[in-house]
J.: 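I have a structure here, written as structure tokens, and I will follow up with some questions on it.
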Amino acid sequence: MSALPAETRRELRALRGADLVVGIPSFHNAATIGYVVQQAAEGARRFLGVRTVVVNADGGSTDGTPEAAASVPVPAGVAVLCTPYQGIPGKGSAVRAVLEATQILGARACVTLDADLRSVAPWWVERLAGPVLAGQADYVTPLYLRHKYDGTITNTLAYPMTRALYGLRVRQPIGGDFGLSAAAVARLLPKPVWESDVARFGIDIWMTTTAICEGLRVAQARLGPKVHDAKDPAASLGPMFQQVVGTLFSLLAVYPSRWRQVRGSQPTPEVGDPVEGEPEPVHITVPSLLQRFGEGFEAHGAMWQRVLGPDVYERLVRAREVGPAGELTERVWARGVYDFAVAFHREDMDPDAVLAALVPLYFGRVAAFAHHAEALDSRGVEALVECQAEAFEEEKPRLLAAWDRG
Ligand SMILES: Nc1nc2c(ncn2[C@@H]2O[C@H](COP(=O)(O)OP(=O)(O)OP(=O)(O)O)[C@@H](O)[C@H]2O)c(=O)[nH]1
Ligand SMILES: [Mg+2]
């Protein structure tokens with residue numbers, strides 16, 4: 001079944017011949033989406049001069065999001081189309097609708113932008129679509145300056161795992177703002193993934209991993225500071241964590257021949273001049289992270305003991321007494337994540353229960369990270385993230401050995 005309603009497909013056929021699609025998945029973003037549409041349309045006109053359709057795929061917002069998107073005045077050569085999507089409710093289904101729209105329109109490139117962005121500028125569209133339209137890349141990921149407490153799933157898991165598994169240093173594999181070629185769209189759409197967490201927040205890590213593993217040309221677009229409606233991890237990132245990490249772990253079984261042969265990692269080409277600027281501060285609540293880590297012992301202690309090697313489990317026991325800062329180090333974290341990745345695929349374990357047990361551990365790791373990051377500026381924090389990614393590369397033999405045993 002198509003993610004696009006028949007009526008939308010008809011409207012799109014009438015717009016055939018567009019070169020670029022800017023897709024904006026949304027759910028309750030009335031306050032910000034008008035700005036995103038405006039910046040996207042202006043970028044398409046000013047920098048690219050190509051016929052563009054902005055496609056807003058909305059998940060049934062009741063706050064006037066599609067109306068806000070549709071009422072933005074746009075320059076000639078740009079059309080705005082707001083549509084609901086069919087399928088599992090979630091960001092991934094909305095992105096699927098955008099990819100389908102790209103195919104129906106016969107567009108050469110597709111850019112996706114999150115609807116909650118407040119730092120998007122017209123030149124973002126050029127940096128994301130430009131390399132694709134020039135035939136130089138098939139999949140462009142965003143390279144932002146983010147506040148040290150923003151993007152905790154990216155920093156603790158998505159980046160180091162993607163880098164260590166597949167050997168490409170893609171700093172923002174789940175950034176949300178991407179550029180795709182028609183070839184990338186054609187590669188992604190037919191995959192039988194749209195009934196899984198890929199239809200929810202698994203979409204970004206799935207697209208990036210698939211792009212790397214299927215040999216698409218990947219580049220990173222320098223976009224400067226990212227300002228969006230960031231979330232406090234302890235308060236609201238639990239379900240997103242399970243969808244992202246569940247998808248990441250599932251992909252181990254899809255591309256074993258790819259990740260098993262990779263050692264070390266390579267940099268990914270960067271597009272555009274470096275951008276200066278400071279992102280807005282993002283707040284995280286360390287006491288509630290610590291509390292959730294402690295509660296994890298009560299709720300999942302037995303699972304931790306079953307899943308984790310004794311070397312890691314003993315450190316958690318100590319972390320419970322003295323706090324995670326000196327115990328849940330990058331190396332202990334990397335080992336623990338690999339142990340969980342293997343457990344996720346064990347036949348005698350429930351993958352959802354495995355993921356649920358990893359959430360409080362992630363809260364502990366974020367608390368440890370925050371402890372060390374507190375006195376550091378963004379460059380210092382970047383070094384911390386790099387150090388953690390190196391630990392994931394160095395500990396990779398542990399994953400290989402456990403995978404082969406299991
Ligand atoms: N259509 C649709 N879009 C969604 C849904 N959930 C999220 N989105 C959109 O997906 C984009 C990213 O969602 P955010 O909640 O900003 O997530 P994020 O920025 O990746 O994560 P944080 O770092 O936690 O803020 C936004 O444009 C949302 O409106 C949904 O259920 N349906
Ligand atoms: Mg966001």
Side-chain angles (χ1 to χ4, degrees), residues 3-5 8 22-37 39-40 54-66 68-69 81-101 111-120 124 141-142 144 146-159 172-178 194 197-208 223 225-245 247-248 279-284 359 362-363 366:
L4 288 168
T8 308
V22 179
I24 308 175
S26 67
F27 188 56
H28 291 152
N29 303 103
T32 46
I33 194 164
Y35 182 70
V36 179
V37 172
Q39 299 298 301
V54 177
V55 177
N56 168 219
D58 185 69
S61 301
T62 51
D63 66 343
T65 294
L81 194 148
C82 298
T83 179
Y85 57 80
Q86 306 173 143
I88 292 176
K91 179 184 176 183
S93 291
V95 171
R96 181 190 184 197
V98 166
L99 301 185
E100 283 185 9
V111 165
T112 63
L113 296 175
D114 278 354
D116 67 331
L117 281 173
R118 279 176 283 120
S119 58
V120 59
W124 278 32
T141 63
Y144 324 100
R146 297 183 79 162
H147 184 261
K148 59 188 174 185
Y149 298 143
D150 189 23
T152 52
I153 299 175
T154 298
N155 288 347
T156 56
L157 262 148
Y159 170 59
Q172 298 290 336
I174 58 171
D177 310 308
F178 299 108
W194 304 107
D197 278 342
V198 172
R200 303 185 179 90
F201 279 121
I203 181 70
D204 295 349
I205 192 66
W206 173 77
M207 287 205 302
T208 300
L223 299 181
K226 171 167 182 162
V227 182
H228 68 141
D229 296 336
K231 300 183 202 80
D232 188 333
S236 58
L237 286 183
M240 180 188 274
F241 178 91
Q242 297 202 31
Q243 292 164 23
V244 172
V245 179
T247 302
L248 200 164
E280 259 176 34
V282 169
H283 189 68
I284 58 173
V359 175
Y362 153 73
F363 289 142
V366 175

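When a ligand or atom number is given, it counts from 1 through the structure's own listing order.
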J.: Ligand 1 versus Asp204, non-hydrogen atoms closer than 4.0 Å: side chain, backbone, both, neither?
T.: neither
J.: On a heavy-atom basis, I'd like to know which of Gly60, Gly90, Pro84, Ser93 is closest to atom 31 (O) of ligand 1.
T.: Gly90
J.: Decide yes or no on side-chain contact (heavy atoms from CB on, under 4.5 Å) for Val111 and Trp124, but give the supporting numbers first.
T.: CA-CA 10 Å; Val111 165; Trp124 278 32; over 6 Å; no
J.: Please say whether Leu113 places an N or O atom under 3.5 Å from an N or O atom belonging to ligand 1.
T.: no
J.: Among side-chain atoms of Ser26 and Asp58, is any donor-acceptor pair under 3.5 angstrom?
T.: yes
J.: Any idea which heavy atoms bring Lys148 and Asn155 closest together, and the distance?
T.: O-ND2, 4.3 Å
J.: Side chain, backbone, both or neither: which applies to His28 and ligand 1 if a contact is any heavy-atom pair less than 4.0 Å apart?
T.: neither
J.: Which option, Arg200, His228, Arg146, Lys91, owns the non-hydrogen atom nearest atom 19 (O) of ligand 1?
T.: His228
J.: Could you check whether any side-chain heavy atom of Ser61 comes within less than 4.5 Å of a side-chain heavy atom of Asn29, counting everything from C-beta outward?
T.: no
J.: Identify the heavy atoms of Val55 and Ala101 that sit nearest to each other, and give their distance.
T.: CG2-CB, 4.1 Å
J.: In a check of side-chain hydrogen bond (donor to acceptor under 3.5 Å, both in side chains) between Asp150 and each of His283, Lys226, His228, which one passes?
T.: His228
J.: Could you list which atoms of ligand 1 come closer than 4.0 Å to a heavy atom of Asn29?
T.: 28 (C), 29 (O)
J.: Who's closest to atom 3 (N) of ligand 1 heavy-atom-wise, of Gly59, Ser26, Ala97?
T.: Ser26
J.: For ligand 1, indicate whether the residue Asp114 contacts it via side chain, backbone, both or neither (heavy-atom separation under 4.0 Å).
T.: both
J.: Please identify each residue that fulfils salt bridge (Lys or Arg N to Asp or Glu O under 4.0 Å) with Asp177, with sequence neighbours left out.
T.: none
J.: Which of the numbered atoms in ligand 1 are under 4.0 angstrom from any heavy atom belonging to Ala57?
T.: 1 (N)
J.: Any N/O of Phe201 closer than 3.5 Å to an N/O of ligand 1?
T.: no
J.: Give me the atom names and distance for the closest heavy-atom approach of Ile205 to Pro173.
T.: CD1-CB, 4.2 Å
J.: Within ligand 1, which atoms have a heavy atom of Asp116 less than 4.0 Å away?
T.: 16 (O)
J.: Relative to the heavy atoms of Asp229, which atoms of ligand 1 are at a distance of less than 4.0 Å?
T.: 25 (O)
J.: Distance below 2.8 Å from the Mg ion (ligand 2): how many protein N/O/S atoms qualify?
T.: 2
J.: List the steps, then state whether side-chain contact (heavy atoms from CB on, under 4.5 Å) holds for Lys91 with Asp114.
T.: CA-CA 10 Å; Lys91 179 184 176 183; Asp114 278 354; 3.1 Å; yes
J.: Test your reading of the model: is there a side-chain donor-acceptor pair from Thr112 to the backbone of Phe178, 3.5 Å cut-off?
T.: yes
J.: What atoms in ligand 1 come closer than 4.0 Å to a heavy atom of Ala115?
T.: 26 (C), 27 (O)
J.: Could you list the atoms of ligand 1 found under 4.0 angstrom from a heavy atom of Met240?
T.: 17 (O), 18 (P), 20 (O), 21 (O), 24 (O)
J.: Work out which heavy atom in Val95 is nearest to a heavy atom in Pro25; give both atom names and the distance.
T.: CG2-CG, 4.3 Å
J.: Would you check if the side chain of Ser119 reaches a backbone N or O of Pro225 as a donor-acceptor pair within less than 3.5 Å?
T.: yes
J.: Hey, does Ile174 have a side-chain heavy atom less than 4.5 Å from the side chain of Phe201?
T.: no
